[in-house]
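Following: one structure in structure tokens, then a few remarks.
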Amino acid sequence: MTTDVQPQRPRLFNVPNQLTAIRLLLSIVVFVLIAWQQYSSAFVVFVVAASTDWVDGFYARRYGQVTKLGRIFDPFVDKIIICGTFVFLSADTAHSGIAAWVTVVVVGRELLVTALRSVVEQSGGDFSAKTVAKWKMGFQCIAAGASLVALAKGGVDEAPSFVGWTLIASIWLAVATTVYSGLQYVAVAWKSIVSESEA
């Protein structure tokens, strides 16, 4: 006599979700350190926080720990740490090198994608992260990190030249991939809306 063994469902607050919660707490620490002008410490905490994004995603896929909570919680925390850091940095554009319009592009894209996600997923479409979106996240992290290093050196004008060039290059790459990935999601959402209206 054989019995069917049901696969064990992942716990709601499993390791990946715990790492995401830690990243949320670390993002708050980053914001406080920037406000206190402790830029070297903010850089270290930011790097640790950003690294957990890769770790929790890898762990969730590798060990089958993907949950509905994680699908909502993880991108939300990603938006908090990236958008929040850019907002804090652009408050001192002259020294950070992050212009206010760059922050508007970053935040605007995230708001747009969040709105489109609800439309697509309600219709049963796939709105998973694209490859360009992952590159976008990487360039945004590099830009934020380079800006924090520049601030720790007294500002973008006082920082070593390689820091300045890294910051400029990563900002423009971040803007390009941010816009392009946003357009990718717009295309997916548009197809979903058109197919639903034709059904």
Side-chain angles (χ1 to χ4, degrees), residues 19-57 73-117 129 132-186:
L19 289 172
T20 303
I22 291 172
R23 186 161 72 257
L24 177 60
L25 294 175
L26 290 176
S27 68
I28 296 173
V29 174
V30 170
F31 303 155
V32 171
L33 290 171
I34 294 175
W36 288 351
Q37 299 183 0
Q38 301 297 313
Y39 302 119
S40 295
S41 299
F43 171 77
V44 172
V45 177
F46 179 82
V47 170
V48 172
S51 298
T52 64
D53 181 41
W54 181 85
V55 174
D56 65 25
F73 194 30
D74 183 69
F76 168 74
V77 174
D78 288 346
K79 290 172 176 56
I80 289 293
I81 189 168
I82 288 298
C83 293
T85 301
F86 270 76
V87 167
F88 272 86
L89 292 173
S90 62
D92 187 10
T93 299
H95 295 96
S96 70
I98 303 290
W101 70 266
V102 174
T103 298
V104 170
V105 170
V106 170
V107 175
R109 182 266 185 198
E110 299 306 336
L111 292 174
L112 175 63
V113 169
T114 298
L116 294 177
R117 184 186 301 275
V132 175
K134 296 177 181 179
W135 280 101
K136 176 266 306 179
M137 181 69 172
F139 289 132
Q140 288 175 347
C141 288
I142 294 171
S147 179
L148 288 170
V149 171
L151 285 167
K153 299 296 183 181
V156 67
D157 293 331
E158 303 296 328
S161 59
F162 76 88
V163 174
W165 284 112
T166 299
L167 177 59
I168 292 171
S170 58
I171 286 175
W172 284 109
L173 288 169
V175 169
T177 51
T178 295
V179 172
Y180 184 76
S181 65
L183 292 175
Q184 279 190 317
Y185 285 116
V186 168

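Both backbone and side-chain heavy atoms feed into the values below; hydrogens, waters and symmetry mates do not.
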Checklist entry - Does Ile82 reach the side chain of Cys141, with side-chain heavy atoms less than 4.5 Å apart? => result yes
Checklist entry - Where do Gln140 and Phe86 come nearest, in terms of heavy atoms and distance? => result O-CE1, 3.6 Å
Checklist entry - Any donor and acceptor pair, going by atom type alone, linking the side chain of Thr114 with main-chain N or O of Glu110 inside 3.5 Å? => result yes
Checklist entry - Say you draw a straight line from CG of Leu25 to OG1 of Thr20; how long is it, rounded to the nearest 0.5 Å? => result 11.0 Å
Taking only distance into account, with no hydrogens and no angle test, what donor-acceptor pairs under 3.5 Å do side-chain atoms of residues 26-36 form with protein atoms, sequence neighbours excluded?
unit_1	atom_1	unit_2	atom_2	d
Ser27	OG	Leu24	O	2.5

Next on the checklist: Once rounded to the nearest 0.5 Å, what's the spacing between atom CG of Asp74 and atom NZ of Lys79?
Outcome noted: 9.0 Å
Checklist outcome for this item: OG (Ser147) and CD1 (Ile142) are apart, to the nearest 0.5 Å, by 13.5 Å
Checklist entry - Ser96 side chain to Leu89 main-chain N or O, any donor-acceptor pair under 3.5 Å? => result yes
Next on the checklist: Holding to side-chain contact (heavy atoms from CB on, under 4.5 Å), I want the full list of residues that pass it with Thr177, two or more places apart in sequence or in another chain.
Outcome noted: Val132, Lys136, Phe139
Next on the checklist: I need the Phe46 CZ to Ser51 OG distance, nearest 0.5 Å.
Outcome noted: 9.5 Å
Next on the checklist: Within the 4.5 Å heavy-atom criterion, are Ile98 and Leu167 side-chain neighbours or not?
Outcome noted: yes
Checklist entry - Do the non-hydrogen side-chain atoms of Val113 and Val186 ever get within less than 4.5 Å of each other? => result no
Checklist outcome for this item: In short, Ala100 meets Thr93 closest at the heavy-atom pair N-OG1, 3.9 Å
Checklist entry - Of all heavy-atom pairs between Ala133 and Arg109, which one has the smallest distance, and what is that distance? => result CB-NH2, 3.8 Å
Item to check | Intermediate values then yes/no, side-chain contact (heavy atoms from CB on, under 4.5 Å), Ile80 and Arg23 | outcome: CA-CA 10 Å; Ile80 289 293; Arg23 186 161 72 257; over 6 Å; no
Item to check | side-chain contact (heavy atoms from CB on, under 4.5 Å) against Phe43, all qualifying residues, sequence neighbours excluded | outcome: Val47, Leu148, Val149
Checklist entry - Considering all heavy atoms of both residues, which atom of Ala146 and which atom of Val163 are nearest to each other, and what is their separation? => result O-CG1, 3.7 Å
Item to check | Sequence neighbours excluded - ring pair (Phe, Tyr, Trp, His ring centres under 6.0 Å) pairs with any residue from residues 89-117 | outcome: Trp101-Trp172
Checklist entry - Under the salt bridge (charged side-chain N to carboxylate O under 4.0 Å, His left out) test, which residues partner Lys153, sequence neighbours left out? => result none
Next on the checklist: Strictly by side-chain hydrogen bond (donor to acceptor under 3.5 Å, both in side chains), give each pair with a member in residues 81-90 just once, sequence neighbours left out.
Outcome noted: Ser90-Thr103
